[in-house]
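FYI, side chains are in, hydrogens and waters are out, and symmetry mates aren't considered; it's all heavy atoms of this structure. Counting from 1, the numbers follow the sequence of the chain as shown.
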Amino acid sequence: MKELFSEIRRAVMATLVLAVVCCGIYPLIVFGIAQAAFHDKANGSLIVEKDGTVRGSKLLGQNFTAEKYFHPRPSAAGNGYDAANSGGSNLGPTSQKLNDAIKERIKAYRKENGLKERDAVPVDAVTASGSGLDPHISLRNAELQTARVAKARNLGKDKVRALIQQNTDKADLGVLGESGINVLQLNLAIDALANS
């Protein structure tokens with residue numbers, strides 16, 4: 001019986017030591033390193049105005065529908081860009097519902113951007129990302145929206161194209177992935193240009 005209590009005491013002590021190390025000390029060390037080395041990323045990559053107003057995160061898409069803004073790719077997360085319901089639609093390539101939704105999105109995209117019936121539409125303009133929260137669009141998608149945004153803002157297309165180039169995120173390490181444009185950052189840059 002004495003050995004049983006000895007084993008129980010050792011098990012309880014080991015549990016307490018591991019709880020302190022794994023649930024206290026280790027997370028504090030990782031938190032400290034993240035805050036010191038990657039402060040912006042560790043805190044959500046927030047986009048903060050000069051007056052301290054948080055406009056959003058570089059990592060999460062937002063829905064823009066006005067003509068004067070670049071529009072993001074569609075979202076299947078909740079009611080759209082809902083981080084609490086992140087996820088794709090789980091509709092497969094043989095799904096009639098997905099096929100119908102894409103046809104409607106293509107039709108709407110062509111109409112809002114003044115494209116012809118047979119003009120190609122970028123895939124990212126009519127399909128949601130896996131998370132439903134992707135903040136980027138392709139260069140082609142941005143280029144096709146340029147005329148609409150320039151007209152709605154009374155800006156020259158060249159000024160809008162320059163902003164697109166300034167807000168293009170290059171491929172990681174120059175080769176991983178594709179270049180893309182963060183829609184929130186681009187729209188904030190356009191607002192700043194229009195207000196200057």
Tell me which pairs pass salt bridge (Lys or Arg N to Asp or Glu O under 4.0 Å) where either residue lies in residues 125-148, with sequence neighbours left out.
R73-D134, E143-R161
Would you list the pairs meeting ring pair (Phe, Tyr, Trp, His ring centres under 6.0 Å) in which at least one residue belongs to residues 42-65, sequence neighbours left out?
F64-Y69
Distance from K159 atom NZ to R153 atom CZ, nearest 0.5 Å?
13.0 Å
Sequence neighbours excluded, the answer for side chain to side chain donor-acceptor pair (under 3.5 Å) partners of N154 is none
Do F70 and N141 have side-chain heavy atoms sitting under 4.5 Å apart?
no
Residues forming a side-chain contact (heavy atoms from CB on, under 4.5 Å) with T65, sequence neighbours excluded
N63
Mind checking side chain to side chain donor-acceptor pair (under 3.5 Å) for D169 and listing every partner two or more places apart, or none if nothing turns up?
H136
Do any pairs count as a salt bridge (Lys or Arg N to Asp or Glu O under 4.0 Å) and have a residue in residues 102-111, sequence neighbours left out, and if so which ones?
none
Between N167 (side chain) and L163 (backbone), is there a donor-acceptor pair under 3.5 Å?
yes
Pair up each side-chain donor or acceptor in residues 174-183 with any protein partner under 3.5 Å, not counting sequence neighbours, and list the distances.
unit_1: N182; atom_1: OD1; unit_2: L184; atom_2: N; d: 3.2
unit_1: N182; atom_1: OD1; unit_2: Q185; atom_2: N; d: 3.2
unit_1: N182; atom_1: ND2; unit_2: K58; atom_2: O; d: 2.9

Any chance you could pull the hydrophobic cluster mates of Y109, using side-chain heavy atoms under 4.5 angstrom and chaining through other members?
L91, L98, I102, I106, L115, V121, V126, L144
Tell me, please, which residues at least two apart from T146 pass side chain to side chain donor-acceptor pair (under 3.5 Å).
none
Those residues at least two apart in sequence (or on a different chain) that pass salt bridge (Lys or Arg N to Asp or Glu O under 4.0 Å) with D100 are none
Set of residues satisfying side chain to side chain donor-acceptor pair (under 3.5 Å) with respect to Q165, sequence neighbours excluded
none
To the nearest 0.5 Å, what is the distance between NZ on K68 and CG on D191?
6.0 Å
One should read off an interatomic distance between L59 CG and L133 CG, to the nearest 0.5 angstrom, of 10.5 Å
Between S138 and P122, what is the shortest heavy-atom contact and its length?
OG-CB, 4.1 Å
Tabulate below the donor-acceptor pairs under 3.5 Å that side-chain atoms of residues 10-38 make, not counting sequence neighbours, or state none.
unit_1: R10; atom_1: NH2; unit_2: E7; atom_2: OE2; d: 2.8
unit_1: T15; atom_1: OG1; unit_2: A11; atom_2: O; d: 2.8
unit_1: Q35; atom_1: OE1; unit_2: H39; atom_2: ND1; d: 3.0
unit_1: Q35; atom_1: OE1; unit_2: N43; atom_2: ND2; d: 3.1
unit_1: Q35; atom_1: NE2; unit_2: N43; atom_2: OD1; d: 3.3

